Number of protein chains: 2
Amino acid sequence: MEITHTKESCAASRRAIQDTLEVINGKWKLLILVTLLEKPLRFKELVREIGVTPRMLSKELQDMEMNKLISRTVYQTKPIAVEYAITEHGKTLNRVLEEIKNWGMSHRNKIMREE
Amino acid sequence: MEITHTKESCAASRRAIQDTLEVINGKWKLLILVTLLEKPLRFKELVREIGVTPRMLSKELQDMEMNKLISRTVYQTKPIAVEYAITEHGKTLNRVLEEIKNWGMSHRNKIMREE
DNA sequence: CGGTATCCGAGATGATACTG
DNA sequence: CAGTATCATCTCGGATACCG
C-alpha cells in the first residue's frame, strides 16, 4: 500500500484511534489488562494488586468482558471463587500495551535525567 | 535482559502505563497528535478537522504544550495567526499512535466480519 | 482569528456500608 | 469471597456568549 497523507487517510486514522479509545478508555482498563497478561487473578487479588476500589473494578471488568477482552470463570468452591483472565482477543492489545509501557519508561527516564 | 514476570516487573509496567496515560489522557489528545503529525495546523483548522469545541481544544492544547508534545507559534500577521505543531518529543509517541491506530483498524474489520 | 468565561448536565470516581 | 447500593464529590465536556 502506498504511503499517503491525504485528508482521508488522516480522518481514517482518527476513526481508528477513536475506536480503540472507546475500548480501552477509563482509568483502569489498561492496568487490569497488563496485570492479567501475567496471569489470571481473582477479584480481590486485582483489587489489592492494582489499588482500585471494588466498585470501579467491577464496572471496568464488566465493560471489558462485554468487549471480549477478558473472561470470567466461576468456580463453585466454598467460598465461591471467580477468576478473571485475558482472552485471545485481549492479547491482541499486547502491542499497544507494550508501546505505552515503553513510552512511559522512556518518559520517566527523560524526566529524571532533566532534573 | 532476561524476560521475567515478577510482581515487581508487573508493578513497574503499571507505573509506566499510568505515566503515559497521564500524558495522553483526555478525549482529544491523541486525535490532535495524529492530526498534527501530518502537518502543523492553526487553531480553527483543528476545530474543523477534528470536530472538537474551542473550549476543549484550548484546554488540551495547553496541557500538551506543558508536556512539550506540541509547540505554539504566533505569527504577527493581521489578523493574528497561531500555528500548532508536533515537537520532537511529541513525535516519540508515534509508535504508540501507530499501534493504537492499527488495533482500531483490525478491530473494526473484525466487527464487520462478524456481523 | 484565537481564544476565554460562564453555566449546566452527565458521567466518573471514591468512601463506606452492606449482602449472599 | 465477590461483589452491589448508596451517597457525595469532582471532573468532563458541550452550548453559548463574549473579548481583544
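Numbers restart at 1 for each chain; the letters A, B, ... are given by sequence-line order, proteins then strands. These figures come from a predicted structure and were not determined experimentally.
Remark: P of D/dT4 and CG of A/Leu57 are 10 Å apart, rounded to the nearest angstrom. Protein atom CG of B/Asp63 is 13 Å distant from nucleotide atom P of D/dT11, rounded to whole Å. Taking atom CD of A/Gln76 as the reference point, atom P of D/dA2 lies 12 Å away to the nearest angstrom. Counting to the nearest Å, the C1' atom of D/dT4 and the NZ atom of A/Lys59 are 11 Å from each other. Counting to the nearest Å, the P atom of D/dT9 and the CE atom of A/Met56 are 18 Å from each other.
In the 5' to 3' direction, nucleotides of DNA chain C lying under 4.0 Å from heavy atoms of chain B begin and end at C/dC1 to C/dT6.
Using a 4.0 Å cut-off between charged nitrogen and carboxylate oxygen, B/Arg42 and B/Glu83 do not count as a salt-bridge pair. Ion pairing between B/Glu60 and B/Lys27 fails under the 4.0 Å rule for side-chain N and carboxylate O. A salt bridge does not link A/Glu45 with A/Arg48: every distance from a Lys NZ or Arg NE/NH1/NH2 to an Asp or Glu carboxylate oxygen is 4.0 Å or more. Electrostatic pairing of B/Glu98 and B/Lys101 counts as a salt bridge here, judged by a charged N lying under 4.0 Å from a carboxylate O.
Looking at A/Thr92 and A/Glu88, their side chains never come closer than 4.5 Å, going by heavy atoms from C-beta outward.
Side chain of A/Ser58 to backbone of A/Pro54: no donor-acceptor contact under 3.5 angstrom is found. The main-chain N or O of B/Thr87 is never found under 3.5 Å from a side-chain atom of B/Ser71 such that the two would form a donor-acceptor pair.
Of the two residues contacting DNA chain C, namely B/Arg42 and A/Val52, the nearest-nucleotide position lying further toward the 5' end is that of B/Arg42.
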Review point. Would A/His107 and B/Thr20 satisfy side chain to side chain contact (heavy atoms under 4.5 Å, CB included), going step by step from the backbone distance to the final call?
Key: CA-CA 8 Å; A/His107 190 245; B/Thr20 305; over 6 Å; no
**Study point:** side chain to side chain contact (heavy atoms under 4.5 Å, CB included) assessment of B/Val82 paired with B/Phe43
**Key:** CA-CA 7 Å; B/Val82 180; B/Phe43 189 87; 5.5 Å; no
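If you check every strand for non-hydrogen atoms under 4.0 Å, A/Tyr84 touches sugar and phosphate atoms only. The residue A/Glu83 sits apart from the nucleic acid: no heavy atom pair falls under 4.0 Å.
Residue A/Lys44 places at least one side-chain N or O under 4.0 Å from the OP1 or OP2 atom of D/dC1. Applying the 4.0 Å criterion to OP1 and OP2 of D/dG13, one finds that B/Arg55 has every side-chain N and O outside that range.
In the region residues 23-35 of chain B, proximity to DNA chain C at under 4.0 angstrom, judged on heavy atoms, holds for none of the residues.
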